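All remarks here apply to the structure that follows.
If you're wondering where the values come from, they're calculated on a predicted model, not measured in any experiment. If you read the sequence from its start, that first residue is 1, and numbering goes on from there. Just so it is clear, the values below take in all heavy atoms, side chains as well, and ignore hydrogens, waters and symmetry mates.
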Amino acid sequence: MPRLTTRPPRMYRDRGRAYVKIDGQRIGLGRWGSDEARETYDRLIAEWLANDRRLPANTDENEPVPVAEVLTAFWRRARGRYSTAKVSAIKQAIQIPRELYGSEPAESFGPKRLAVVRDQMLAKGWSRGYVNEACGWIRRAFRYGAAHELITSSVCSQLDMLKG
């Protein structure tokens, strides 16, 4: 049986360069023993720990973050935070926007698209109360994305414009 550990990944040396292996990726840190390597290692580990022991999903600032990535990040966080029943409700709520808009940029998800998602929920026969709760979970997912700098906070304020 493998030994379980809570220690962060260690820095290692290869041909005079410092590396760390996180989530199966080998990340170069600079020259072994340099202050630059130590600072880069400390920053990466801090980001890794803050992101629930995963590398931040999107490090390229120019590439838009898809809706599916924001929803998945929230769902992963919810699994460790909420009860099984709530996690099931969250999974059901985020399934529809993921199917309809999963590959589109999260920045373009606004009140009109949330209204389309809401209409799809109603078409499935969900009650008004359940639809309003599900839309609340979607709004929380985008707030989580803004809090973790996946998207801008303007998306969240736009989604709050659509009332139940």
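- The two residues A106 and V70 come nearest to each other via the heavy atoms CB-CG2, 3.8 Å.
- The heavy-atom pair separating P97 from V67 by the smallest distance is O-CG1, 4.4 Å.
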Tabulate below the donor-acceptor pairs under 3.5 Å that side-chain atoms of residues 76-92 make, not counting sequence neighbours, or state none.
from: S83; atom 1: OG; to: K86; atom 2: N; distance (Å): 3.4
from: Q92; atom 1: OE1; to: Y130; atom 2: OH; distance (Å): 2.6

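- Contact detail for V20 and P9: the closest heavy-atom pair is CG2-CB, 3.8 Å.
- For the side-chain contact (heavy atoms from CB on, under 4.5 Å) criterion with V117, the lone passing option out of R113, Q120, M121 is M121.
- Expressed to the nearest 0.5 Å, how far CD1 of I138 lies from CG of L162 amounts to 10.5 Å.
- In this view, A93 and A134, W137 satisfy the side chain to side chain contact (heavy atoms under 4.5 Å, CB included) rule, not counting sequence neighbours.
- When all heavy atoms of R17 and R31 are compared, the pair lying nearest together is NH1-N, 3.6 Å.
- Under the ring-ring contact (aromatic ring centres under 6.0 Å, His included) criterion, Y101 pairs with F109, not counting sequence neighbours.
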Start with the C-alpha distance between R38 and S34, add both sets of side-chain angles, then the distance that settles side chain to side chain contact (heavy atoms under 4.5 Å, CB included), and finish with yes or no.
CA-CA 7 Å; R38 174 54 62 188; S34 68; over 6 Å; no

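- Side-chain atoms of F142 and L71, non-hydrogen and from C-beta on, do get closer than 4.5 Å to each other.
- In plain terms, the two heavy atoms of I45 and P8 that are nearest each other are CG2-CB, 3.8 Å.
- In terms of the salt bridge (Lys or Arg N to Asp or Glu O under 4.0 Å) criterion, R10 has no residue partners (sequence neighbours excluded).
- Rounding to the nearest 0.5 Å places CD of E133 at 8.5 Å from OG of S127.
- The side-chain hydrogen bond (donor to acceptor under 3.5 Å, both in side chains) test applied to E99 returns Q95, not counting sequence neighbours.
- Residues satisfying the salt bridge (Lys or Arg N to Asp or Glu O under 4.0 Å) test with R13, not counting sequence neighbours, are none.
- Put simply, CD1 on I151 and CD on E69 are 11.0 Å apart, with the number rounded to the nearest 0.5 Å.
- Nearest approach of L150 to V65, heavy atoms of both residues: O-CG2, 3.3 Å.
- T152 is linked by a side-chain hydrogen bond (donor to acceptor under 3.5 Å, both in side chains) to E107, S154, counting only residues two or more places apart in sequence or in another chain.
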Intermediate values then yes/no, side chain to side chain contact (heavy atoms under 4.5 Å, CB included), T72 and I94:
CA-CA 9 Å; T72 301; I94 66 176; over 6 Å; no

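- Looking at heavy atoms from C-beta onward, I27 lies out of side-chain contact with K21 at the 4.5 angstrom threshold.
- Legend: residues meeting salt bridge (Lys or Arg N to Asp or Glu O under 4.0 Å) with D119, ordered by chain and number and at least two apart, are absent.
- Taking NZ from K124 and CD1 from I96, the interatomic distance works out to 4.5 Å, rounded to the nearest 0.5 Å.
- Legend: residues meeting salt bridge (Lys or Arg N to Asp or Glu O under 4.0 Å) with D14, ordered by chain and number and at least two apart, are R26.
- Note: T40 OG1 to D35 CG = 10.5 Å, rounded to the nearest 0.5 Å.
- The hydrophobic cluster containing Y19, built from Ile/Leu/Val/Met/Phe/Trp/Tyr side-chain heavy atoms closer than 4.5 Å, also comprises Y12.
- With sequence neighbours left out, the side-chain hydrogen bond (donor to acceptor under 3.5 Å, both in side chains) criterion links E149 to no other residue.
- The main-chain N or O of P105 is found under 3.5 Å from a side-chain atom of S108 such that the two form a donor-acceptor pair.
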Salt bridge (charged side-chain N to carboxylate O under 4.0 Å, His left out) between E39 and R43: does it pass, once the steps are laid out?
CA-CA 6 Å; E39 288 172 9; R43 179 184 50 79; over 6 Å; no

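- Every residue was checked against the side-chain hydrogen bond (donor to acceptor under 3.5 Å, both in side chains) condition with E36, not counting sequence neighbours, and none meets it.
- Note that CE of M161 is 11.5 Å distant from SG of C156, once rounded to the nearest 0.5 Å.
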